[in-house]
Each structure stands twice: as C-alpha cells, then as structure tokens.
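Only one structure is covered here, and it is reproduced in the block below.
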Amino acid sequence: MPTQARIVILVDLDYFFAQLEELRNPSLEGKPVVVGMYSGRTETSGAVSTSNYLARKYNVKSGIPLFLAQKRLEGTDAVFLPVDYDYYQQVSDNIMSILRKYSDNLEQAGIDEAYLDVTKKACNNYKDAEALVQEMKATVKREVGVTFSVGIGPNKLIAKIASDIHKPDGVTVVGPEQVEGFLSPMSVDVLLGVGKKTVAKMSELGIKTVGDLAKYDVQRLVEVFGKVLGVYFHNAANGVDNEPVEEAGEAESIGRMGTLKENTRDLAVIMEKIDQQIEEIYKEYSTKNLSYRLVGISAVMTNLSGKSRSKTLEKPAKDKETIHKAAQELFEKYLGESDLEIRRVGVRVGSFIKEERQQQQLIKFFKT
DNA sequence: GTATGCTTTCGGC
DNA sequence: TTACGGCCGAAAGCATAC
C-alpha cells in the first residue's frame, strides 16, 4: 500500500535560550549574549549553552568553555547569563500549544524543535502550507515575541534538512519534485544514522554524496550494512521517509550529571553526590509511575575523558535503594579498573516498565 | 548469516 | 596561565540467539 502524500514542517526556534533572554530584557539587543551553564567550581567554570548570532560572530558557540567565550568577547559589551531552564520550558510549552492549533499532529523534538504534520490543515498543498507557516510565525511573534526557522517538505527527513538552510527567521520549502535536486549534492552525513564510521565505510565504496548513495545498488548496500540499514539508507538517499509525525512517548531513560566540588577517588564523596541525583531522578520517574530495569553510572575524569557503566537488573525495581546499591557497585568496580581522579559523576535509570503492564503480567501469572 | 539484546561511546542540542 | 555542562537518543561494538 503506497503511503499517502504528506506535508511535514520542522519548526526550529532560533538561538532559543539567548533569544528568550533578549525577550525579557530588551536592553540586551545589539549586544553579544551568552547563556552559560556554570558548574560552581570557580567563577567561570562551565560551558556555553547557547549564544546569540552576534556572539557567534566571535566564534562563541554551544559547548565551548565559558572562560574561552569570555576571552573571545573581551572588549565588547557582551552579557553572560546562567541558564534558566524553567523559564525556557514554560515559554516552549506556550509556543508548542500555539503550534498545535496549526497542525494535524505535532511531535516535539527537544525544547526548541517540533515536527508538524499539516497535510490536512494545508489541504495537501504547498502554497497553503507556506501561508500557514506565515500565520504561525506572525501569531507566535505577536503572542510570545519569538522567531523561528522552518523547513517544509514531504516528510520529516526533508523538513529537518530544509530547516537548516535559512536561519534565523527563515522558511525553506522543498516540494516533492525538488527533493532529488535538493538532496543529491549533500554529504551523506546529513542523513540520520550516518555517523563517522558509516561515512568512512561509504567512502570506501565511492559514496560521498547523497546522490551517490541514491543510485548505488540496493542489493550491495544490504550486503555491506545488513537488511534493515541497507534498505533504510537506500530510501533515505532517495528522499523516502515514512516515519509518522507522532507525539513522543515516555523518555527511555532519566539521568542526572553533575560536577564535584573537587576531583576525587573517594567512594563516599562520590556517593554523596549520587544520592542527591537519585533523589531528583526518583521524583521524576515515581510521579510517572515507572519501574526501571537498568541502572547506569557515568564519570568524567580530570582529563575530561568520559566513561560509563551500566547493569540490567534481574527484575524491575522502583525504589531509591536499588539505584544506590547498583550505582555503588558500579563505581566500586570502576574505581578498581582506573586510577584517574574523577571530576564529574552521573547516574541514570532506564528500560522502564509501566505500572499497568506489570499488573497485567501479574494477572496473567495468577490466571495460569 | 541475520536478528536481537546488552553495553559503552558518540554527538546534537 | 589554566581553562570545560548536562542532558538525551543514536551509533557502534560485541555476544548470543535463531
């Protein structure tokens, strides 16, 4: 059965955190704005979360150390602010609820992105879709004060790639008949699932661009990458993507990570931090009525190299103590394997099982 | 050989 | 001069199962 033609939109809120800081403090406009995560170790210990476009001109972008950002912006009237996640979440929720009204279906992809299926709302017509987008933009700008960039295409794959073309406050339309010309000159790594290793592997086969991949023999792709991946690569390269736009389910894992006051190898010091993190994680999964089957830890060493360990429990659990015990075991084992000092630690739970399902299993058990 | 599941690392935001 | 977050899901790399 052929899949019905769709019109899919990706909305990407422009330099979101920094834009919101400008929004609530208009005196920031015209200045480089850097929103940073401060670890609390020293005055400038931390990293850049987001910066506005003016700051980006000084090569200050997401992920770089804050001290480096400061150095690059020396002599300017740059403003540095700490992240205010609750505020950003609130505005994001607000925008998403507006966007929902303009779509048949909306799928959030992080705090600042959403896919919208607008096939019906736009009467299956790209001109209407563009008009719809202009209306959305005007409404969000008027009611919230925020701008965003948009990609419009026949599926999520094309919408996402298109949204990156014109930023900020841009709109890029790629209709079905333009897909081939749009995709074929691009590097294969624009495709989801094509990472460094796969790029190298494809390069050996003489595949550099999406166009190369699109005309490569499917049978051969299947031989090299396996049935699932081979077919997927072939379809994606040809602009074919049938992934539906649907509201995301529960998170697959919940975790916390944090920087220690001082580097250490002391298990007690580590577990003190971990216990704080377990408290926060517990609040989150218990209100959602989830049981976990996986407990994992992660550690970042003094030299900033990272390690993680995890274990799957024999049976699901929902209490805090099981996390503590498993995390302690994992750290004990890890400290035995490495002699580096630890800088940051984290803990997470995952492989969730919903309460209802457990009850069903229990009922099934009693019936037999 | 291909699929599946588990674990660790990678990388985007 | 030294310097450096906190998430998450995807990818990768195995081991085992079919």
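In what follows, chains carry the letters A, B, and so on, assigned in the order in which the sequence lines appear, proteins first and then strands, with residues in each chain numbered from 1.
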* If you check every side-chain atom of Arg293(A), which of dA3(C), dC6(B), dG5(C) has the closest atom? -> dC6(B)
* Asked: What is the nucleic acid contact for Leu294(A), judged by heavy atoms within less than 4.0 Å: base, sugar-phosphate only, or nothing?
  -> sugar-phosphate
* Asked: Side-chain contact, heavy-atom cut-off 4.5 Å: Val188(A) with Val190(A)?
  -> no
* To do: Identify which one of Thr147(A), Leu132(A), Val146(A), Asp169(A) satisfies the side chain to side chain contact (heavy atoms under 4.5 Å, CB included) criterion when paired with Lys137(A).
  => Asp169(A)
* Atom pair distance, as rounded to whole Å: NZ in Lys273(A) and C1' in dG6(C) -> 12 Å
* To do: Using a cut-off of strictly less than 4.0 Å, decide whether Ser62(A) has a side-chain nitrogen or oxygen near OP1 or OP2 of dC13(B).
  => no
* **Inter-nucleotide P distance (dG12(B), dA3(C)), Å rounded** => 26 Å
* Nucleotide nearest Arg348(A) when distance is taken to its side chain, options dT8(B), dC13(B), dC4(C) -> dT8(B)
* **Short side-chain N/O contact to dC4(C) OP1/OP2 from Arg343(A), under 4.0 Å** => yes
* For dC10(B), does either OP1 or OP2 sit under 4.0 Å from a side-chain N or O belonging to Lys307(A)? -> no
* Under 4.0 angstrom between Ser45(A) side-chain N/O and dC4(C) OP1 or OP2 -> yes
* To do: Check the distance between dG5(C)'s C1' and Met37(A)'s CE and give it to me in whole angstrom.
  => 4 Å
* To do: Would you indicate, yes or no, if dT8(B) has its OP1 or OP2 atom less than 4.0 angstrom from a side-chain nitrogen or oxygen of Ser310(A)?
  => yes
* To do: Take the protein atom NZ of Lys71(A) and the nucleotide atom C1' of dA3(C), then report the distance between them rounded to whole Å.
  => 9 Å
* Candidate nucleotides dC13(B), dG5(C), dT8(B), ranked by approach to the side chain of Arg309(A) - the nearest -> dT8(B)
* Structure fact -> From CZ of Phe17(A) across to P of dG12(B) the rounded distance in Å is 17 Å
* Using only heavy-atom distances, determine whether the side chains of Asn105(A) and Glu246(A) contain a donor-acceptor pair under 3.5 Å. => no
* To do: Nearest whole angstrom, please: distance from the P of dG6(C) to the CZ of Arg256(A).
  => 11 Å
* To do: Could you check Gly258(A) against Val199(A) and say which one's nearest nucleotide on DNA chain C is further toward the 5' end?
  => Gly258(A)
* Asked: What do the steps show when you test Arg309(A) against Glu337(A) for salt bridge (Lys or Arg N to Asp or Glu O under 4.0 Å), and what is the final call?
  -> CA-CA 12 Å; Arg309(A) 292 285 182 271; Glu337(A) 294 164 12; 3.1 Å; yes
* Between dC8(C) atom C1' and Gln108(A) atom CD, what is the distance in whole Å? -> 14 Å
* Remember a base hit wins even if backbone is also touched, and classify Lys160(A) as base, sugar-phosphate or nothing at under 4.0 Å, heavy atoms. => sugar-phosphate
* Rounded interatomic separation in angstrom, taking CD from Gln277(A) and P from dG5(C) -> 14 Å
* Asked: Hey, which of these two, Thr259(A) or Ala251(A), hits DNA chain C nearer its 5' end, going by closest nucleotide?
  -> Thr259(A)
* Taking only the side-chain nitrogens and oxygens of Ser253(A), find out if one of them lies under 4.0 Å from OP1 or OP2 of dG9(C). => yes
* **Whichever of Ala109(A) and Lys311(A) has its nearest DNA chain B nucleotide further upstream toward 5'** => Lys311(A)
* Asked: Roughly, in whole Å, what's the span from CG in Leu313(A) to C1' in dT7(B)?
  -> 14 Å
* Asked: Can you tell me if the side-chain N/O atoms of Arg344(A) get under 4.0 Å from OP1 or OP2 in dC4(C)?
  -> no
* Structure fact -> Of dT7(B), dC8(C), dG6(C), the nucleotide closest to the side chain of Ile254(A) is dC8(C)
* Short side-chain to backbone donor-acceptor contact, Thr119(A) and Ile7(A), under 3.5 Å -> yes
* To do: Ignoring backbone atoms, establish whether Thr312(A) has a side-chain N or O less than 4.0 Å from OP1 or OP2 of dC6(B).
  => no
* To do: Select base, sugar-phosphate, or nothing to describe what Gly46(A) touches, counting heavy atoms under 4.0 Å on all strands.
  => sugar-phosphate
* Is it possible for you to check whether Arg293(A) lies under 6.0 Å from the centre of the six-membered ring of Phe352(A), through NZ or CZ, and within 45° of that ring's axis? => no
* **Shortest side-chain distance from Glu252(A), nucleotide among dG5(C), dC6(B), dG9(C)** => dG9(C)
* **Distance under 6.0 Å and angle within 45° of ring axis: Lys318(A) vs Tyr285(A)** => no
